[in-house]
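Here is the naming used below: chain letters follow the sequence lines, and residue numbers restart at 1 for every chain.
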There are 2 protein chains.
Amino acid sequence: METRELRYFVAVAEELHFGRAAQRLGIAQPPLSRAIRQLERRLGVTLFERSSRAVTLTDAGEVLLREGRAALDAVAAADRRTRRAATGRPGLVLVTKAGASSELLAKLLDAYATEPDAVAVDVQLCGPAEQERLLRDGRADVALLHRPYDSAVGFDTEDLRTEGQVVLLPAGHPLTTRPHVRLAEVTALPDLPLPRWPDPDGGYPDGPGPPVRDNAQLLQLIALGRTVAVLPESVRVHLHEGLAAVPVLDAPEVTTMIAWPPHSRSRALAALVRTATRL
Amino acid sequence: METRELRYFVAVAEELHFGRAAQRLGIAQPPLSRAIRQLERRLGVTLFERSSRAVTLTDAGEVLLREGRAALDAVAAADRRTRRAATGRPGLVLVTKAGASSELLAKLLDAYATEPDAVAVDVQLCGPAEQERLLRDGRADVALLHRPYDSAVGFDTEDLRTEGQVVLLPAGHPLTTRPHVRLAEVTALPDLPLPRWPDPDGGYPDGPGPPVRDNAQLLQLIALGRTVAVLPESVRVHLHEGLAAVPVLDAPEVTTMIAWPPHSRSRALAALVRTATRL
DNA sequence: GCCGGTGATACCCGACAGGTATCAGCTCCG
DNA sequence: CGGAGCTGATACCTGTCGGGTATCACCGGC
């Protein structure tokens with residue numbers, strides 16, 4: 001199976017439409033139809049049920065979509081990491097959710113910079129749920145993840161810190177006078193709908209809350225009295241005018257982890273992880 | 001990057017010889033040279049240092065060898081799992097080291113068979129160090145691994161059991177009268193050299209001990225007075241004429257784990273893991 | 001029943017993977 | 001010190017196949 005075939009298949013499986021998939025791939029529709037047919041013939045497996053009005057995935061197609069994405073990510077990672085290794089400039093790309101764990105990250109970068117054989121660390125910020133992809137396809141070398149929000153499935157990890165959660169409210173909201181609250185009290189505030197985060201594919205689910213892309217946007221929207229959020233208590237360092245934090249007793253504890261691809265063999269990465277666990 | 005190019009690169013990187021690599025791939029040498037050159041040109045990276053007498057990997061080449069193998073395994077897994085999914089016969093392939101944890105495995109299979117929605121479980125036995133490969137490239141769905149001998153890097157795992165280790169000796173050996181021994185006493189027995197296990201590539205390292213492929217062979221060789229081995233104490237169920245076991249006080253504890261590829265989504269696998277953790 | 005839109009088919013062309021023949025550089029050895 | 005023998009690189013040819021355009025066959029809906 002060639003990666004070209006896999007790319008074609010994934011495009012069709014995602015679009016469920018040969019024409020649009022071909023457009024996305026920058027080729028014409030007939031060669032795409034033929035390539036998929038040939039893939040099916042070589043695998044001996046029907047991947048799509050086609051009628052002239054609709055295309056749907058078979059069960060085997062679902063499997064190939066999941067496995068094929070993983071395989072394409074692995075190929076992309078091989079490409080990127082090889083290119084990076086060839087530049088001669090060692091360096092690490094660390095990815096974290098924008099606005100999360102910023103003081104922990106600052107401490108980590110400071111501590112690592114004093115190491116004798118430290119290399120440059122590029123910090124890449126992204127929205128939630130993008131980190132795993134970046135790590136998997138080689139755009140990043142290491143990430144800060146937050147259990148239970150992120151799954152660390154398929155990566156090596158070390159736990160760095162565990163903390164409780166607080167609810168962030170607009171200053172002056174009635175609940176801000178309370179010493180603490182319960183989860184049920186804040187998930188259903190009638191005038192403060194929960195924000196909507198993007199799906200892995202970049203779209204937003206429907207709902208009443210405002211769409212947000214990162215924590216900075218989120219804090220601003222809370223200060224504007226448009227929404228509310230439950231976040232690890234370390235966000236307190238970002239508190240400013242217009243925001244108040246109240247501990248949530250029964251919210252799950254959040255563990256910040258450092259995560260990296262399991263077969264990494266870089267000395268620089270090992271040193272960074274060692275530094276992180278010693279903080 | 002196409003999988004064909006990756007296969008070619010890995011072949012050359014493993015052989016470090018264009019002619020032999022071409023032979024292994026079933027093509028002529030010139031197209032292989034050209035394909036590698038083209039790969040280098042497209043990546044903008046030198047992968048090999050060539051002289052007319054020797055071919056060596058550059059640092060970037062080392063990276064691509066490691067990452068490329070992982071990517072090829074992922075592609076192979078996509079292929080195999082898709083084919084399997086299409087047969088309609090659900091079923092799991094469980095792989096374990098021949099002769100290891102056999103009673104635990106028997107109990108697991110028995111317990112799982114009584115589950116309401118149990119599927120067929122094929123048991124595949126292999127030598128040590130092959131299991132990870134089988135799991136990674138889709139030939140197996142789930143494995144029993146033994147920490148610290150096996151690394152579970154890149155897989156999801158659940159610990160099943162932890163046990164101490166014993167040394168297996170030929171009956172009548174002087175040490176068999178002892179209530180327990182220390183590791184140092186058995187690793188350097190002059191008349192009983194340690195056995196040699198195959199490398200991941202199937203070859204055997206040099207040394208005085210007999211080569212072995214699995215535990216059954218090993219037990220036989222021990223009974224014949226040719227070698228000695230330190231194994232988890234559950235091997236006692238295989239004791240028979242000619243064999244004796246003595247606890248080793250300072251040998252590391254061995255944990256049997258059940259392991260599976262991290263993005264598995266099969267209900268059957270989930271049920272098997274659940275059964276295993278309840279044993 | 002016609003129209004719009006879907007994927008499949010037919011056919012052509014150019015790119016490129018693979019083959020053979022050969023060259024060029026390096027070691028080793030007589 | 002020069003040739004033999006091995007290495008990978010180059011030159012050149014050929015057939016396959018990926019991609020394009022034109023068109024068909026099918027289906028649903030107004």
- request: Kindly say if B/R4 contacts the phosphate of C/dG18, meaning a side-chain N or O under 4.0 Å from OP1 or OP2.
  value: yes
task: May I ask you to say what A/R53 touches in the nucleic acid, namely base, sugar-phosphate or nothing, with a heavy-atom cut-off under 4.0 Å?
output: base
query: With sugar-phosphate meaning primed atoms plus P, OP1 and OP2, does A/E5 contact a base, only sugar-phosphate, or nothing at under 4.0 Å between heavy atoms?
result: nothing
- prompt: What integer distance in Å separates A/F18:CZ from D/dA25:C1'?
  reply: 16 Å
- prompt: Any idea which of C/dA8, C/dG18, D/dG19 is nearest the A/Y8 side chain?
  reply: D/dG19
For atom CD1 of B/I27 and atom C1' of C/dA17, their distance in whole Å: 9 Å
- prompt: Rounded to the Å, how far apart are A/R50 CZ and D/dC26 P?
  reply: 16 Å
query: For the rings on A/F9 and A/F48, is their centre-to-centre separation under 6.0 Å?
result: yes
- prompt: How long is the line joining CZ of B/R20 and C1' of D/dG8, in whole Å?
  reply: 13 Å
field: A/S33 side-chain N/O to C/dA8 phosphate OP1/OP2 under 4.0 Å
entry: yes
Distance, rounded to the nearest Å, where A/E2 contributes CD and D/dC17 contributes P: 13 Å
- prompt: Just checking A/F48: base, sugar-phosphate only, or nothing, at a heavy-atom cut-off of under 4.0 Å?
  reply: nothing
- prompt: Does A/E130 come within less than 4.0 Å of A/R133, counting only side-chain N to carboxylate O?
  reply: no
- request: For B/E62 and B/T58, test the side chains for any donor-to-acceptor distance below 3.5 angstrom and give the result as yes or no.
  value: no
- prompt: Would you say A/Q29 reaches D/dG20's phosphate, i.e. side-chain N/O to OP1/OP2 under 4.0 Å?
  reply: no
field: Ion pair B/R4/A/E5, N-O distance below 4.0 Å
entry: no
task: Return the 5'-most residue of the pair B/R37, A/A35 with respect to DNA chain D, ranking by each residue's nearest nucleotide.
output: B/R37
- request: Answer with yes or no whether A/R34 presents, from its side chain, a donor or acceptor under 3.5 Å of a partner atom in the base of D/dG19.
  value: yes
task: Under 4.0 Å between any heavy atoms, over every strand shown, what does A/Q38 touch: base, sugar-phosphate, or nothing? Just pick one.
output: sugar-phosphate
message: Any salt bridge linking B/D73 with B/R69? Criterion: basic side-chain nitrogen under 4.0 Å from a carboxylate oxygen.
response: no
Spacing between A/L32 atom CG and D/dG18 atom C1', to the nearest angstrom: 12 Å
First encountered from the 5' end of DNA chain C, between B/R42 and B/P30: B/R42
- request: Specify the separation, in whole Å, of atom CD1 of B/I36 and atom P of D/dA9.
  value: 9 Å
query: Starting at CZ of A/F9 and ending at P of D/dG18, how long is that distance when rounded to a whole Å?
result: 18 Å
